[in-house]
Amino acid sequence: MCQLYKEIKKMDKKPNKRMRVQIAILCVIVSVFIITGIVYAITIKQYVLGDDNVPDDTYYASSETQPEAETVPETEPATPAPVVTEEPAPTETPEPSFRQQNEDKYSEEIKTSYQTYLSDTTYVAVTKASVNDSPYCLAHVIVKDPSQIVNIITTDRRLSTAPYEENDAVLVMSASGLKDYMHFLDGLHISDYAVVGSTTDPAGTELAFDKSGNLYRLNTAEKPDLAEIQWTVLCNTPVLIENGKATDIPDDVPTNYTCKSAIGMVAPGEYYFMVVSDGDYINEVTYKDMQEILMDKSCTMAQSLTTGVNVSMALQGELVNMPAAGSGRPQYEYLIVKD
């Protein structure tokens with residue numbers, strides 16, 4: 001019986017032992033799977049994802065909606081462009097008017113002048129002075145257009161005040177010389193581009209003024225272009241300045257100590273009108289004195305004109321000198337500056 005009990009108990013232990021064996025085998029198999037899984041995970045991490053490419057929810061969430069950033073190759077930092085400061089465009093200053101230019105340039109002359117006239121086209125400043133205790137009057141004339149200076153020929157003996165209102169004149173001065181009390185000198189006489197008289201050949205007495213405002217003596221050896229000459233003044237008195245140089249003037253010129261008039265040109269458009277008189281026939285301002293005065297004013301050409309008691313000058317109808325008209329003969333021809 002005891003033996004049978006032992007056999008039965010021994011038989012009861014066999015299934016338990018088998019189960020333990022099976023459990024052990026199962027544990028081994030599970031362990032192998034776990035170890036294999038661990039090795040596989042480590043391999044995936046090192047060789048596929050890498051150390052820095054561990055995926056996370058944030059990365060995949062953003063990569064679905066945002067484009068992948070482009071890889072920009074590293075380059076040297078660019079040199080910054082120089083800063084260019086734009087200067088404001090210069091403001092165009094309007095060119096000063098004729099009036100403003102002369103008012104500024106000759107402000108001192110205007111202050112010291114006896115009389116002045118200034119407009120948008122005409123500048124006249126009259127000064128009075130004396131040489132050898134004898135008076136003279138000098139009118140500085142600038143015109144915008146040379147056609148503003150004209151001559152007029154009359155048949156009446158009048159002073160320079162008479163043509164003022166008739167000819168819309170600013171400045172009037174006696175002009176051509178006379179060979180007697182009633183006739184002009186011989187020569188090519190032109191007024192407003194028209195020949196006065198019968199001759200068209202220069203006789204050596206002509207001071208010409210052309211359309212460009214140039215003042216010069218006509219050459220007797222050349223035929224002048226009459227279409228270019230606005231007017232001529234006839235005179236047998238000395239040329240004072242020619243080509244910017246003072247001429248030689250004899251001391252024994254008969255009219256050296258009488259009343260005299262003259263015109264000088266600095267350049268076309270700028271002139272000096274001059275009268276020498278003191279109320280009688282005699283005046284101590286000589287031709288050389290007149291020459292020196294006009295040279296000091298930078299005249300490049302100057303010509304003395306009429307002489308005697310008919311010498312007169314008027315600005316806006318008012319005489320500026322003292323002509324000896326009471327006992328003499330007022331002029332037949334005048335130079336006129338118009339506005």
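Position 1 is the first residue of the sequence, and the numbers go up from there. All values below were derived from every heavy atom in this structure, side-chain atoms included, with hydrogens, water molecules and symmetry-related copies excluded.
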Handout entry: side-chain contact (heavy atoms from CB on, under 4.5 Å) against Pro250, all qualifying residues, sequence neighbours excluded
Key = Asp252, Val253
Exercise for the section: For Lys128, check salt bridge (charged side-chain N to carboxylate O under 4.0 Å, His left out) against everything at least two apart and list the hits. Expected result: none
Handout entry: Minimal non-hydrogen separation, Ala169 against Val172, with atom names
Key = CB-CG2, 3.7 Å
Practice task
Find out if a path of hydrophobic residues (ILVMFWY) with successive side-chain heavy-atom gaps under 4.5 Å connects Leu188 to Leu335.
Solution key: no
Problem - Chi angles and distances behind the side-chain contact (heavy atoms from CB on, under 4.5 Å) call for Gln101, Glu95 - result: CA-CA 9 Å; Gln101 285 179 349; Glu95 185 177 348; 3.7 Å; yes
Fill in the blank from the handout: Phe184 and Leu234 have their tightest heavy-atom pair at CB-CD1, 4.3 Å
Practice task
Working to the nearest 0.5 Å, report the span between CG of Asn321 and SG of Cys259.
Solution key: 8.5 Å
Problem - Side-chain H-bond candidate by donor/acceptor type, Ser147 with Asp145, under 3.5 Å - result: yes
Exercise for the section: Could you check Ile149 against Phe209 for side-chain contact (heavy atoms from CB on, under 4.5 Å), going step by step and ending with a plain yes or no? Expected result: CA-CA 9 Å; Ile149 300 179; Phe209 184 85; 4.1 Å; yes
Exercise for the section: Go through the steps for Thr306 and Leu178 under the test side-chain contact (heavy atoms from CB on, under 4.5 Å), then give the verdict. Expected result: CA-CA 8 Å; Thr306 189; Leu178 301 174; 5.8 Å; no
Exercise for the section: Report whether Tyr216 and Met265 are members of the same hydrophobic cluster (ILVMFWY, side-chain heavy atoms less than 4.5 Å apart, transitive linking). Expected result: no
Practice task
Examine the side chains of Thr255 and Thr307 and answer whether a donor and an acceptor come within less than 3.5 Å of each other.
Solution key: no
Exercise for the section: Kindly check if the number of other-residue, nucleotide or ligand heavy atoms within 6.0 Å of CG (Asp248) is above 12? Expected result: no
Practice task
Would you check if there is a donor-acceptor pair between the side chains of Glu318 and Gln115 at a distance under 3.5 Å?
Solution key: yes
Problem - Atom CE of Met295 with >12 non-hydrogen neighbours under 6.0 angstrom - result: yes
Problem - Residues Asp339 and Ser119: side-chain donor-acceptor under 3.5 angstrom - result: yes
Practice task
Say whether Met313 and Tyr334 are linked into one hydrophobic cluster, either directly or through other cluster members, by side-chain heavy-atom distances under 4.5 angstrom.
Solution key: no
Exercise for the section: Spell out, yes or no, whether Val275 and Leu305 are grouped together once hydrophobic residues are joined by side-chain heavy atoms under 4.5 Å, including indirect joins. Expected result: yes
Problem - Separation between OG1 of Thr247 and CE of Met301, rounded to the nearest 0.5 Å - result: 9.0 Å
Fill in the blank from the handout: Those residues at least two apart in sequence (or on a different chain) that pass ring pair (Phe, Tyr, Trp, His ring centres under 6.0 Å) with Tyr106 are Tyr123, His140
Practice task
For Tyr272 and Cys299, work out which heavy atoms get closest and say how close.
Solution key: CD1-SG, 3.8 Å
Handout entry: Side-chain (Asp192) to main-chain (Ala194) donor-acceptor, under 3.5 angstrom
Key = no
Completion exercise
Result for side chain to side chain donor-acceptor pair (under 3.5 Å) between Arg217 and one of Gln303, Glu206, Glu242 points to Gln303
Practice task
Would you kindly confirm whether Ile153 and Ile229 end up in one hydrophobic cluster when ILVMFWY residues are joined by side chain heavy atoms under 4.5 Å apart?
Solution key: no
Problem - Heavy-atom neighbours of Asp133 CG exceed 12 at 6.0 Å - result: no
Completion exercise
The reported gap from CG in Asp201 to NZ in Lys223 (rounded to nearest 0.5 angstrom) is 4.0 Å
Problem - N-O pairing of Lys144 and Asp120 below 4.0 Å - result: no
Exercise for the section: Scan side-chain atoms only and decide if Asn132 and Ser134 contain a donor-acceptor pair under the 3.5 Å cut-off. Expected result: no
Practice task
Return yes when atom CD of Glu109 has more than 12 non-hydrogen atoms of other residues, nucleotides or ligands closer than 6.0 Å, and no otherwise.
Solution key: yes
Practice task
Consider only side-chain N and O atoms of Ser277 and Asn283, and report whether a donor and an acceptor are under 3.5 Å apart.
Solution key: no
Problem - Shortest non-hydrogen separation from Val124 to Thr122 and the atoms involved - result: CG2-CG2, 4.0 Å
Exercise for the section: Please answer whether the main-chain N or O of Tyr193 pairs with a side-chain N or O of Lys211 as donor and acceptor at a distance below 3.5 Å. Expected result: no
Practice task
Hey, could you give me the OG1/NE2 distance between Thr200 and His189, rounded to the nearest 0.5 Å?
Solution key: 15.0 Å
Handout entry: From Gln331 atom CD to Ser312 atom OG, the distance as rounded to the nearest 0.5 Å
Key = 7.5 Å
Exercise for the section: Let me see the working for Phe273 and Ile263 under side-chain contact (heavy atoms from CB on, under 4.5 Å), right down to the final yes or no. Expected result: CA-CA 5 Å; Phe273 289 46; Ile263 183 172; 3.8 Å; yes
Fill in the blank from the handout: Here the gap from Asp186 atom CG to Thr199 atom OG1, rounded to the nearest 0.5 Å, amounts to 8.5 Å
